[in-house]
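Notes for the one structure printed next.
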Amino acid sequence: MPELPEVETVVRGLRPRLEGRRLRRVQQRRKDLRFPLPARFAERLTGRRVERIERRAKYILAHLDGGEALLAHLGMSGRMLLVEDPDEPLQAHDHIVLETDQGLQIRFNDTRRFGIMDLVAEAELQAHWLLKDLGPEPLSNAFNGPFLAERLAGRRTPIKAALLDQKIVAGLGNIYASEALFHAGLSPRRQAYTVQRGRAERLAWAIRDVLQRAIAAGGSSLRDYVQADGELGYFQHQWAVYDREGEPCPGCDCGADGGPLGGGGIRRLVQSNRATFYCPRRQR
DNA sequence: CTACCATCCTGGTTGC
DNA sequence: TGCAACCAGGATGGTA
């Protein structure tokens, strides 16, 4: 599930339990996730103190003493489970277990194994191949209407696809891309280069707003997804269009029959092999 | 550049 | 009920 708000929620859950703690035991239960884990992964983590945890786009960065950082990505199904009792049996797909000097375990569980972990020297972090091309943080001051307009200029790809491009904005995924376009009143099919000036301003604002509201709600929980602290986010109840095909969108009579634009409510379409949801009345 | 597709993997849901 | 097809929050890489 993890897009920016979910990763931010996980980071906030991990911080109080991990920052300042030393890793006394690390288990690596398979040699790879999406990519091979680095050489001597568990040994290099064991005994290290976690100085600070931060989020960059959908990545989790745990800065360690000794000059390295643990880089983690949750992929599609990755979860960080906090387990108080180290004797609790491991579950299927628990791939990595970090145990702190207080006896708390953080179990990285990832059924589909699209997740990533790597150990990177601090000095090489900026240039890391997974991080170096990322666009700006959408919640930072660097991200605004004029910036977005400039990045979209000349691009013939649909705006929905452009929003999923992590080089343009870092951290949006399939759910929040649909949601942001709805709130900005822009059709997902619109060519990216036509989003300029006022439209870019509205879209940048909608992106920030939807991400901030999702973070405030603790992210969106699907199926059994649980945050690091065991709580369930509830932003999925505030989705305006995502996964709501056929329902009327909020504050619009698009569900009603008739009218020049027809009815039937929220529509689903496939772009770049991904589902997009939108309201044909409110989004142009 | 861009569009499209396959790919990595598992498991839940849908439809016949 | 059984089973196969389809679908899923990400992201890359190859091809045309």
Side-chain angles (χ1 to χ4, degrees), chain A residues 1-11 29-37 55-60 71-80 91-96 108-118 128-135 150-181 188-194 210-211 214-215 217-228 232-239 241-246 268-277:
Chain A
M1 75 168 334
E3 301 183 31
L4 186 152
E6 290 73 37
V7 178
E8 177 65 26
T9 300
V10 168
V11 162
R29 306 190 62 237
R30 49 177 307 130
K31 65 180 192 321
D32 57 8
L33 297 171
R34 172 168 190 163
F35 302 113
L37 287 157
R55 179 189 58 73
R56 170 72 175 110
K58 299 172 196 170
Y59 291 90
I60 299 167
L71 175 67
H73 192 291
L74 301 175
M76 294 269 260
S77 56
R79 301 182 293 165
M80 297 287 185
Q91 303 296 311
H93 314 298
D94 280 345
H95 303 310
I96 305 289
F108 177 68
N109 180 289
D110 184 9
T111 39
R112 294 177 68 184
R113 225 183 310 133
F114 290 171
I116 298 167
M117 282 202 187
D118 197 8
H128 191 277
W129 64 286
L130 291 167
L131 304 180
K132 67 182 170 64
D133 293 325
L134 289 173
E150 191 223 307
R151 284 280 166 113
L152 297 175
R155 293 205 158 230
R156 314 216 137 254
T157 199
I159 185 64
K160 162 68 166 15
L163 292 182
L164 293 180
D165 183 343
Q166 302 296 299
K167 294 191 266 308
I168 294 178
V169 199
L172 276 188
N174 205 41
I175 294 175
Y176 297 106
S178 277
E179 292 294 306
L181 286 168
R189 300 180 134 119
R190 174 182 279 278
Q191 298 281 282
Y193 71 90
T194 68
V210 75
L211 293 177
I215 290 170
S220 303
S221 295
L222 287 86
R223 301 199 173 84
D224 60 344
Y225 190 87
V226 183
Q227 300 167 182
L232 296 167
Y234 55 87
F235 192 74
Q236 66 277 18
H237 304 301
Q238 295 178 50
W239 290 344
V241 290
Y242 187 81
D243 204 22
R244 304 185 63 137
E245 183 179 16
R268 177 187 194 272
L269 71 106
V270 174
Q271 298 175 291
S272 322
N273 270 332
R274 320 265 295 161
T276 299
F277 298 87

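Below, read A as the first sequence line, B as the second, and so on, with proteins coming before strands; counting in each chain starts at 1.
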Have a look at [X] and say if it touches a base, only the backbone sugar-phosphate, or nothing, with a 4.0 Å heavy-atom cut-off.
{"X": "A/A275", "result": "sugar-phosphate"}
{"X": "A/R274", "result": "base"}
{"X": "A/G154", "result": "sugar-phosphate"}
{"X": "A/P5", "result": "nothing"}

Where protein sits on nucleotides 4-10 of chain B, one letter per nucleotide: B base, S sugar-phosphate only, - none, heavy atoms under 4.0 Å: -B--BBB
Which nucleotide in C/dG10, B/dT2, C/dC7 has an atom nearest any side-chain atom of A/N174: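 Of C/dG10, B/dT2, C/dC7, C/dG10 is nearest to the side chain of A/N174.
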Starting at atom [atom1] of [X], determine the distance to atom [atom2] of [N], rounded to an integer number of angstrom.
{"X": "A/M76", "N": "C/dA11", "atom1": "CE", "atom2": "P", "result": "10 Å"}
{"X": "A/Q191", "N": "B/dT2", "atom1": "CD", "atom2": "C1'", "result": "10 Å"}
{"X": "A/L164", "N": "B/dT2", "atom1": "CG", "atom2": "P", "result": "15 Å"}
{"X": "A/I116", "N": "C/dA11", "atom1": "CD1", "atom2": "C1'", "result": "8 Å"}
{"X": "A/Y193", "N": "B/dC1", "atom1": "OH", "atom2": "C1'", "result": "14 Å"}
{"X": "A/E6", "N": "C/dA8", "atom1": "CD", "atom2": "P", "result": "17 Å"}
{"X": "A/K132", "N": "C/dA11", "atom1": "NZ", "atom2": "C1'", "result": "14 Å"}
{"X": "A/Q236", "N": "C/dA8", "atom1": "CD", "atom2": "P", "result": "17 Å"}

Quick check on [N]: is either OP1 or OP2 less than 4.0 Å from any side-chain nitrogen or oxygen of [X]?
{"X": "A/H73", "N": "C/dA11", "result": "yes"}
{"X": "A/K58", "N": "C/dA11", "result": "yes"}
{"X": "A/Q166", "N": "C/dG10", "result": "no"}

Between the side chain of [X] and the main-chain N/O of [Y], is any donor-acceptor distance below 3.5 Å?
{"X": "A/E6", "Y": "A/E3", "answer": "yes"}
{"X": "A/K58", "Y": "A/L172", "answer": "yes"}
{"X": "A/Q191", "Y": "A/R156", "answer": "yes"}
{"X": "A/S178", "Y": "A/F277", "answer": "yes"}
{"X": "A/E179", "Y": "A/V210", "answer": "no"}

Sub-4.5 Å side-chain heavy-atom contact between A/N109 and A/D94: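 A/N109 vs A/D94: side chains touch.
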Min side-chain heavy-atom separation A/L164-A/N174 under 4.5 Å: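 Yes; the side chains approach each other to less than 4.5 Å.
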Rounded distance in Å between the P positions of C/dC6 and B/dC5: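 Taking atom P in both C/dC6 and B/dC5, they lie 15 Å apart.
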Interatomic distance at P, C/dC3 relative to B/dC8, whole Å: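 About 26 Å, rounded to a whole number of Å.
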Under-4.0 Å salt bridge between A/R155 and A/D165: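 A salt bridge links A/R155 with A/D165.
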What donor-acceptor contacts under 3.5 angstrom involve side-chain atoms of residues 128-135 of chain A, with partners at least two apart or in another chain?
residue : atom : partner : partner atom : Å
A/H128  : ND1  : A/L130  : N            : 3.1
A/H128  : NE2  : A/D118  : OD2          : 2.9

Identified stems (criterion: three or more consecutive Watson-Crick or G-U pairs, under 3.5 Å), DNA chain C: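 In DNA chain C, stems of three or more pairs: B:2-8 with C:10-16, B:10-16 with C:2-8.
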Nearest heavy atoms of A/G171 and A/A57, plus distance in Å: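 Taking A/G171 first and A/A57 second, the nearest heavy atoms are N-CB, 4.2 Å.
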